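Okay, so here's the structure we're looking at.
Lettering follows sequence order; numbering is per chain, from 1. In this text the structure is predicted, and so the values were computed from the model without any measurement.
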There are 2 protein chains.
Amino acid sequence: MEYSEKQVQIMEKAEKLFAEKGFDGTSVRDISEAADVNVAMISYYFGSKEKLMEAMFHHRGQDLRIQLENIIHNKGLTSLQKVEKLIDDYTERIFKKQFFHKIMIREQMVNNAGPIAKQIFLLKQTNQVLINQLISEGQKKGDFKKNIDVSLLMMTLVGTTSQLVTAQHFYKEIHQLQALSDEEFEKLIRKKLSHYLKVLFKAILVYEG
Amino acid sequence: MEYSEKQVQIMEKAEKLFAEKGFDGTSVRDISEAADVNVAMISYYFGSKEKLMEAMFHHRGQDLRIQLENIIHNKGLTSLQKVEKLIDDYTERIFKKQFFHKIMIREQMVNNAGPIAKQIFLLKQTNQVLINQLISEGQKKGDFKKNIDVSLLMMTLVGTTSQLVTAQHFYKEIHQLQALSDEEFEKLIRKKLSHYLKVLFKAILVYEG
DNA sequence: GTTTAAATTAAACGTTTGTTTAAATTTGCG
DNA sequence: CGCAAATTTAAACAAACGTTTAATTTAAAC
């Protein structure tokens with residue numbers, strides 16, 4: 001199923017507003033105003049505000065899955081290089097889709113059984129299975145040490161990135177970087193984060209404590 | 001300023017609801033029902049729903065600051081032991097006040113200039129300064145390596161913990177731990193998290209890559 | 001016991017909410 | 001063009017929202 005130009009326009013404006021003010025903090029009139037359409041168009045195109053959110057998850061759902069298969073099956077890379085590529089891919093993906101990522105963070109806090117919670121769960125599960133593969137491969141080769149808690153490692157990847165994305169204005173202020181433009185600042189923290197996570201993962205995966 | 005028994009009762013019920021459904025997703029009637037008081041009591045005691053939230057931050061604000069001074073000035077501990085104690089204190093504190101912590105995660109996403117955002121910023125800043133002290137002390141002693149990005153290290157601490165707290169139902173399902181009681185499960189993940197973070201911090205702080 | 005203040009209540013307030021309606025306009029097609 | 005379907009509109013809808021009101025009950029002080 002594809003979405004028309006108008007539908008995408010509404011979804012993208014809604015995405016920004018949901019990220020900033022939350023689902024319940026955003027009214028359909030806020031969305032219609034931002035998307036420059038009549039209020040009724042949201043019901044007309046999506047059925048309801050709730051279903052607009054679901055459509056958004058469907059629309060973005062494709063982009064979410066880390067392209068891990070490509071990384072895992074790339075014969076030219078060492079296990080550690082694969083992990084480093086995973087970090088680059090993941091952080092880039094999150095920063096590019098930060099509005100949607102913020103919405104996901106909010107939604108995963110709500111422990112319900114709706115279709116959105118299901119989609120988030122499936123995504124997490126799939127990523128976990130693939131990262132499990134990647135780590136065990138490195139362990140078999142002797143590149144990584146044993147006793148790695150992959151779940152917690154994932155939480156560090158996801159959590160550290162989320163923390164930087166959601167609290168970036170705090171980071172900006174604490175480090176006195178207000179002079180930087182948004183683009184410069186984002187470029188800076190992305191680079192710092194990526195480098196930091198690579199050092200961190202290497203330390204965890206290969207350091208014999 | 002102190003809060004009466006009734007005020008605390010309202011704040012604690014509101015805390016749970018705000019954590020689960022968000023500020024805008026929770027109505028004053030939800031709160032009054034949960035706290036078993038009349039709707040008007042919220043305005044009567046706090047002035048407004050917004051001010052109830054501010055009172056909650058004031059009420060919990062005390063508990064938030066990590067008792068870092070005590071740790072830092074404890075002469076009997078090595079730098080690494082201090083970091084380990086910091087991790088124990090922090091994770092215990094977050095798990096004990098997880099409702100409030102979830103509210104903070106939501107609120108820090110909203111980049112406004114209100115009193116709540118200010119309080120979160122001050123808290124982060126204070127903690128950062130103190131952890132900076134702790135790390136530099138270890139570096140001077142030669143226990144920790146140079147070039148530590150303390151901001152990102154804090155984000156890993158906060159982010160990993162947040163991720164586990166907010167996505168614990170996913171963790172439960174993925175690891176097939178539904179049979180465990182809530183208490184048993186929480187005890188398990190707290191122990192795992194604390195141990196994992198200690199290994200991680202040690203690896204980052206002392207591993208010469 | 002009477003008085004005064006604090007606490008509690010049910011009801012009503014005016015807005016805002018998400019959604020629907022029915023009419024008007026635009027679009028695509030023969 | 002002429003007609004039908006799709007789109008867009010302003011208006012209206014009931015329900016829920018946060019807050020206020022005014023009356024009542026409870027508690028405390030004298």
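The interatomic distance linking A:Lys21 (NZ) with C:dT16 (P) rounds to 13 Å, in whole Å. Rounded to whole Å, atom P of D:dA27 lies 13 Å from atom CD of B:Glu5. With rounding to whole Å, B:Leu17 atom CG is found 16 Å from D:dG18 atom C1'. Across the protein-nucleic acid pair, A:Asp24 atom CG and D:dG18 atom C1' stand 15 Å apart, rounded to whole Å. Counting to the nearest Å, the C1' atom of D:dA16 and the CD atom of B:Glu33 are 14 Å from each other. As a whole-Å value, the separation of A:Lys49 NZ from C:dT20 P is 15 Å. Taking atom CZ of residue B:Arg29 and atom C1' of nucleotide D:dA15, one finds them 11 Å apart after rounding to whole Å. Distance, A:Ile31 CD1 to C:dT16 C1': 15 Å, rounded to whole Å.
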Can you name the atoms? Protein N/O to nucleotides 6-8 of chain D N/O, anything below 3.5 Å, with the distance.
| unit_1 | atom_1 | unit_2 | atom_2 | d |
| --- | --- | --- | --- | --- |
| D:dT7 | OP2 | A:Tyr44 | OH | 3.0 |
| D:dT8 | OP1 | A:Lys6 | NZ | 3.3 |
| D:dT8 | OP2 | A:Tyr45 | OH | 3.0 |

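Ion pairing between a basic and an acidic side chain is recognised when a charged N comes within 4.0 Å of a carboxylate O; A:Lys187 and A:Glu183 show no such pairing. In summary, A:Lys172 and A:Asp182 engage in a salt bridge, as defined by a charged side-chain N under 4.0 Å from a carboxylate O.
Residue contacts shown for B:Ser32 are absent, as no nucleic acid heavy atom lies under 4.0 Å away. No engagement by B:Ser4 is indicated, since no non-hydrogen atom pair under 4.0 Å with the nucleic acid exists.
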Between B:Thr161 and B:Leu197, does a side chain to side chain contact (heavy atoms under 4.5 Å, CB included) hold up when you go through it step by step?
CA-CA 9 Å; B:Thr161 309; B:Leu197 283 174; 4.0 Å; yes

Applying side chain to side chain contact (heavy atoms under 4.5 Å, CB included), run through B:Ile204 and B:Phe144 and close with a yes or a no.
CA-CA 9 Å; B:Ile204 286 282; B:Phe144 300 154; over 6 Å; no

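Residues A:Gly47 and A:Asp30 each lie close to DNA chain C; by heavy-atom proximity, the contact nearer the 5' end of the strand is made by A:Asp30.
Between the side chains of B:Thr156 and A:Thr160, at least one donor N or O lies within less than 3.5 Å of an accepting N or O. At a cut-off of 3.5 Å, with distance as the only test, no side-chain donor of B:Glu186 or B:Gln168 sits close to an acceptor on the other residue.
For residues 22-44 of chain B, every residue pair satisfying the side-chain hydrogen bond (donor to acceptor under 3.5 Å, both in side chains) rule, not counting sequence neighbours, is listed here: B:Lys21-B:Asp30, B:Ser27-B:Asp30.
Taking five base pairs at each end of the helix from C:dG1-D:dC30 to C:dG30-D:dC1, the local helix axes there meet at an angle of 10°, rounded to 10°.
In this structure, B:Phe185 and B:Tyr171 have tilted ring planes: the angle between them lies in the 30° to 60° band. Ring geometry, A:Tyr3 versus A:His58: the interplanar angle exceeds 60°, so the pair is classed perpendicular (tilted spans 30 to 60°).
Residue B:Ser27 places no side-chain N or O under 4.0 Å from the OP1 or OP2 atom of D:dA16.
Among the nucleotides D:dA10, D:dT19, C:dT9, the one closest to the side chain of B:Val28 is D:dT19.
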